Protein chains: 2
Amino acid sequence: MALKMRHNRSPNPPQPCMLTECMSIIAGAWAPNVIWSLRAGPRRFSELRSDIPPISAKVLSTRLSELEKRGILLRHVRRTSPPSTEYELTPLGEELIPALDGIVQVGHRLKQLQSADTDLAGTST
Amino acid sequence: MALKMRHNRSPNPPQPCMLTECMSIIAGAWAPNVIWSLRAGPRRFSELRSDIPPISAKVLSTRLSELEKRGILLRHVRRTSPPSTEYELTPLGEELIPALDGIVQVGHRLKQLQSADTDLAGTST
DNA sequence: CGGTATCCAAATAGATACTG
DNA sequence: CAGTATCTATTTGGATACCG
């Protein structure tokens, strides 16, 4: 019988493919920034470009299409002159904000740790 | 004071570079899977390879080095014969788990939504 | 303004072979 | 077992030009 389960070493990773697939939502260097820029409300294409300085129109356009297709954001075109387009997070998209925030928190502490290390290295001789 | 605050259109994106930098912790296709596989306790190199099926030794090795350097995990070498190495999340690394989990939750609902769409499309004629 | 098309550069990943 | 080295393939991003 397969009852000789080890207390650790559990060969029980819950679908790594699922994780990979979910992570692909925010894949690419810029998707998280797009979501982040939209967290406070709708933004237009050129506003997003200013929010996220070195992003090219092509990449921004590509990311926006993908995120729209996945249901993370909505695109709203106004046929004014000049034309105007607004992008806005869906409720589901908004749920990604806390997750991104969590990662930023960890990143922040990581930097503090590294500063502390440097600090100690400098004072220990 | 700067009271003429616009209710939206706020030109106030909190350091997109910071977000980008933090996100780079989990950059690459496999880093999240590595962290995920370690969430239940220490794992050895070959165990991680089995956990995350199609990962090559080179990529796993690269990711592990990066994550170790950043302080997300610890490497513990046992000079036994044959040699054995264990990888383990640091406390900071463990803090990434809830964030990853949040993303997975959203991904999961996204899939449900898409199934619902398909379902409706099939029944509406 | 809000994109798309094309071409090119850089980063990431995979396959294979080899080492301690 | 636990990697590293090398080479190549794929993906991603950037620059520029151009269109509605």
Side-chain angles (χ1 to χ4, degrees), chain A residues 6 8-9 11 16-17 19-21 23-38 42-70 73-88, chain B residues 9 11 16-17 19-38 42-70 72-88:
Chain A
R6 263 89 152 248
N8 63 353
R9 302 267 170 266
C17 32
L19 212 212
T20 301
E21 198 181 329
M23 289 304 300
S24 75
I25 297 167
I26 57 166
W30 301 115
N33 280 300
V34 171
I35 296 167
W36 198 251
S37 288
L38 289 174
R43 301 290 275 172
R44 291 167 54 184
F45 190 86
S46 53
E47 289 178 319
L48 290 171
R49 285 205 71 186
S50 328
D51 289 347
I52 314 170
I55 194 173
S56 67
K58 188 192 86 169
V59 173
L60 178 55
S61 173
T62 305
R63 291 297 140 235
L64 287 170
S65 308
E66 286 181 10
L67 292 170
E68 184 192 7
K69 195 167 55 190
R70 286 173 191 275
L73 55 80
L74 293 172
R75 185 181 167 205
H76 190 77
V77 181
R78 296 184 182 183
R79 296 208 50 218
T80 54
S81 169
S84 161
T85 312
E86 280 198 339
Y87 294 89
E88 185 176 13
Chain B
R9 300 266 171 268
C17 32
L19 213 211
T20 302
E21 198 180 329
C22 295
M23 289 305 300
S24 76
I25 297 167
I26 57 166
W30 300 116
N33 280 299
V34 171
I35 296 167
W36 197 251
S37 288
L38 290 174
R43 301 289 275 171
R44 291 167 53 184
F45 189 86
S46 55
E47 289 177 320
L48 290 171
R49 285 205 70 184
S50 327
D51 290 346
I52 313 170
I55 194 173
S56 66
K58 190 194 84 170
V59 172
L60 178 56
S61 173
T62 305
R63 291 296 138 236
L64 287 170
S65 307
E66 286 180 10
L67 292 170
E68 185 193 6
K69 194 167 53 189
R70 287 174 191 275
I72 303 296
L73 55 80
L74 292 173
R75 187 180 167 206
H76 191 77
V77 182
R78 296 185 184 183
R79 296 210 49 219
T80 54
S81 170
S84 160
T85 313
E86 280 198 339
Y87 294 89
E88 184 177 13

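Only a predicted model underlies this, so the values are computations on that prediction, with no experimental measurement involved. Lettering follows sequence order; numbering is per chain, from 1. All heavy atoms count here, side chains included; hydrogens, waters and symmetry mates do not.
Using a cut-off of 4.0 Å between Lys/Arg side-chain N and Asp/Glu carboxylate O, A:Glu66 and A:Arg63 are scored as salt-bridged.
As rounded to whole Å, 16 Å separates atom C1' of D:dC1 from atom NE2 of B:His76. Separating the CZ atom of A:Arg79 from the C1' atom of D:dG20 is a distance of 10 Å, rounded to the nearest angstrom. Rounded to a whole Å, the CD atom of B:Glu86 is 13 Å from the C1' atom of D:dA2.
Within 4.0 Å (heavy atoms only), B:Arg49 reaches no atom of the nucleic acid at all.
Atoms OG1 and NE2, from A:Thr85 and A:His76 in turn, are 9.5 Å apart once rounded to the nearest 0.5 Å. In this structure, CG on A:Leu74 lies 12.0 Å from CG on A:Leu64, to the nearest 0.5 angstrom. Taking CD of B:Glu47 as the start and OG of B:Ser37 as the end, the distance is 10.0 Å to the nearest 0.5 Å. Rounding to the nearest 0.5 Å gives a distance of 9.5 Å between CZ of A:Arg75 and CZ of A:Phe45. To the nearest 0.5 Å, the span separating CG on A:Leu19 from CG on B:Asn33 amounts to 5.0 Å. From B:Ile25, atom CD1 reaches atom CD1 of B:Ile72 across 5.0 Å, with rounding to the nearest 0.5 Å.
Here the side chain of A:Arg49 pairs a donor or acceptor atom with the backbone of A:Ile55 at under 3.5 angstrom.
No side-chain heavy atom of B:Leu73 sits less than 4.5 Å from a side-chain heavy atom of B:Ile35.
Boundaries of the chain A contact region on DNA chain C are C:dC1 to C:dC7, first to last in 5' to 3' order (nucleotide atom under 4.0 Å from a heavy atom).
In terms of heavy atoms, A:Ser46 sits closest to A:Ser50 at O-OG, 2.8 Å.
Taking only side-chain nitrogens and oxygens, B:Thr80 never comes nearer than 4.0 Å to OP1 or OP2 of D:dC1.
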Polar pairs (N or O, both sides) under 3.5 Å between protein and nucleotides 12-16 of chain D?
| unit_1 | atom_1 | unit_2 | atom_2 | d |
| --- | --- | --- | --- | --- |
| D:dG13 | OP1 | A:Ala29 | N | 2.5 |
| D:dG13 | OP2 | A:Arg63 | NE | 3.1 |
| D:dG13 | OP2 | A:Arg63 | NH2 | 2.2 |
| D:dG14 | OP2 | A:Trp30 | NE1 | 3.1 |
| D:dG14 | O6 | A:Lys58 | NZ | 2.3 |

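Note that the two end axes of the helix from C:dC1-D:dG20 to C:dG20-D:dC1 enclose an angle of 50°, each drawn from 5 base pairs, rounded to 10 degrees.
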- Message: Pair A:Arg78, A:Glu86 - check side chain to side chain contact (heavy atoms under 4.5 Å, CB included), show working.
- Response: CA-CA 8 Å; A:Arg78 296 184 182 183; A:Glu86 280 198 339; 3.7 Å; yes

